[in-house]
Amino acid sequence: MKVLFVAGDPKPERWTAPIKALLPEAEVYVWNPEGPVIDADYAIVWQPPAELFERERKLKAIFNLGAGIDGLLAVPNLPAGLTIVRLEDAGMSVQMAEYVLHQLLEASREMEVYREQQRNGIWKIHRPIKRADWPVGVMGLGQIGKKVARTLADLDYRVYGWARSEHTLEHITTFAGRKSLREFLKQTRVLVNTLPLTDETRNIIDYDALADLQPGAVVINVGRGEHLVDDDLLKALDDGLVARASLDVFRNEPLPSDHPFWTRREITITPHISARTLRDATLEQITGKIRDHARGQPITGIVDTSRGY
Ligand code: NAP
């Protein structure tokens with residue numbers, strides 16, 4: 001079996017060495033557009049060039065080194081019917097739960113207020129929070145959204161979840177489909193976005209959505225930058241509909257230096273780090289699936305390209 005590694009890492013051996021160790025039955029190659037065609041059976045990819053699909057025509061499946069496959073589906077000559085497999089959790093959901101919890105606590109536990117007090121040498125105790133004042137709405141109840149929602153529910157936050165299909169989750173009130181989006185938003189003060197980027201979800205967090213949130217709203221976006229309409233967030237902050245936002249993902253990354261988000265005190269910016277790809281867990285999962293696929297066994301995480309995720 002031939003496995004081709006296609007990702008712009010200047011040190012590809014960091015990936016290929018563990019792939020060889022985990023999958024000793026495979027011949028492992030690094031993508032080289034100037035070299036000979038490999039006729040690979042499987043490719044492990046991150047943002048592959050269109051040329052890959054012109055040259056490698058025997059691929060049985062490709063494995064994405066991330067959960068989101070919006071970038072991959074945008075490759076113009078992706079062969080119709082090619083099996084695309086996304087990363088499922090692989091250590092990302094727990095990181096995401098931590099990140100979201102941290103951003104939530106910044107708001108709900110008034111951490112900025114206490115930091116400001118410290119700067120001024122002030123010892124002052126504020127009232128304890130009422131959890132009922134901080135209802136959280138999680139958009140997307142997949143590998144990541146579910147973990148985030150459960151983590152916050154375990155801490156007794158009131159948690160609402162919204163997905164495409166019906167879900168039943170203990171201690172979490174769930175909503176399904178576009179028709180219930182408004183109802184979901186109206187319950188929510190802290191909006192957490194863990195959706196995949198698809199034609200249906202692009203620009204979903206616009207001014208109308210933000211206006212539906214409860215007063216003193218907080219937005220935590222860990223999905224994709226294109227879910228959020230940037231100007232609408234700025235307007236919602238100006239209009240007092242949103243109190244603060246924590247943004248990990250952006251329409252253009254790195255976020256351009258002249259983007260107005262940089263100078264807004266109410267916005268926390270992180271450079272797409274809320275859930276990093278962990279090499280060991282990732283390659284263990286992918287090589288396990290390659291082996292199963294090669295043996296004709298079923299694998300999970302196959303992308304439904306008609307849904308876009
Ligand atoms: P997943 O398991 O496929 O879950 C996606 C969830 O979104 C599902 O619950 C799905 O509903 C829901 N959904 C999809 N389209 C929808 C729609 N039109 N309306 C309502 N709900 C919809 O994906 P995941 O592994 O949780 O990852 C989710 C996304 O997180 C990724 O696509 C990526 O964009 C983002 N991400 C970001 C980072 C980062 O570092 N910032 C890292 C990893 C992932 P159903 O349950 O009904 O199918």
Side-chain angles (χ1 to χ4, degrees), residues 46-47 63-74 84-103 137-151 159-169 172 174-185 188 191-206 209 219-228 245-255 268-279 281-282 285-286 289 299-309:
W46 182 246
Q47 299 178 338
F63 292 80
N64 194 43
L65 285 167
I69 44 83
D70 43 292
L72 185 53
L73 293 184
I84 299 170
V85 187
R86 70 186 196 85
L87 206 55
E88 296 181 285
D89 194 345
M92 283 188 289
S93 72
V94 69
Q95 298 177 65
M96 207 64 110
E98 276 175 345
Y99 179 96
V100 171
L101 176 61
H102 179 99
Q103 302 304 331
V138 181
M139 304 176 94
L141 293 172
Q143 303 279 337
I144 287 172
K146 232 180 253 180
K147 178 78 175 178
V148 169
R150 284 189 176 131
T151 301
V159 180
Y160 300 87
W162 182 72
R164 202 155 162 270
S165 58
E166 305 281 347
H167 288 255
T168 306
L169 300 170
I172 296 164
T174 55
F175 297 85
R178 200 75 182 204
K179 61 183 186 323
S180 68
L181 177 59
R182 213 152 173 222
E183 201 188 335
F184 159 80
L185 292 169
T188 295
L191 183 66
V192 182
N193 174 37
T194 75
L195 289 168
L197 183 65
T198 68
D199 289 344
E200 282 180 30
T201 64
R202 186 172 283 105
N203 299 327
I204 195 164
I205 309 175
D206 59 7
V219 175
I220 303 174
N221 188 16
V222 292
R224 285 287 183 263
E226 282 180 67
H227 286 130
L228 173 69
S246 298
L247 309 177
D248 184 54
V249 286
F250 303 89
R251 283 174 184 262
N252 294 307
E253 295 182 2
L255 183 64
T268 297
I269 292 170
T270 50
H272 204 137
I273 48 77
S274 54
R276 310 290 308 277
T277 297
L278 303 177
R279 198 179 306 127
T282 296
Q285 181 178 115
I286 291 177
K289 287 184 184 182
I299 56 170
T300 58
I302 294 179
V303 172
D304 177 344
T305 48
S306 65
R307 280 189 327 188
Y309 71 100

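Keep in mind that the numbers below use all heavy atoms, side chains included, and drop hydrogens, waters and symmetry copies. As the structure lists them, so they are numbered: ligands from 1, and atoms in each ligand from 1.
Side-chain atoms of S180 come within 3.5 Å of backbone N or O of A176 as a donor-acceptor pair. A distance-only check finds no donor-acceptor pair linking the side chain of H272 to the backbone of R224 [under 3.5 Å].
Residues that satisfy the salt bridge (charged side-chain N to carboxylate O under 4.0 Å, His left out) test with R276, not counting sequence neighbours, are absent from this structure. Scored by the salt bridge (charged side-chain N to carboxylate O under 4.0 Å, His left out) test, E253 finds no partners at all (sequence neighbours excluded). Scanning for side-chain contact (heavy atoms from CB on, under 4.5 Å) contacts around E98 gives an empty result, with sequence neighbours left out.
Residue D304 qualifies as enclosed at atom CG: its count of foreign heavy atoms under 6.0 Å is above 12.
Using a 4.0 Å heavy-atom criterion, the residues that approach ligand 1 are A67, G68, R86, M92, M96, G140, L141, G142, Q143, I144, W162, A163, R164, S165, H167, T194, L195, P196, E200, T201, V222, G223, R224, D248, V249, H272, S274, A275, Y309.
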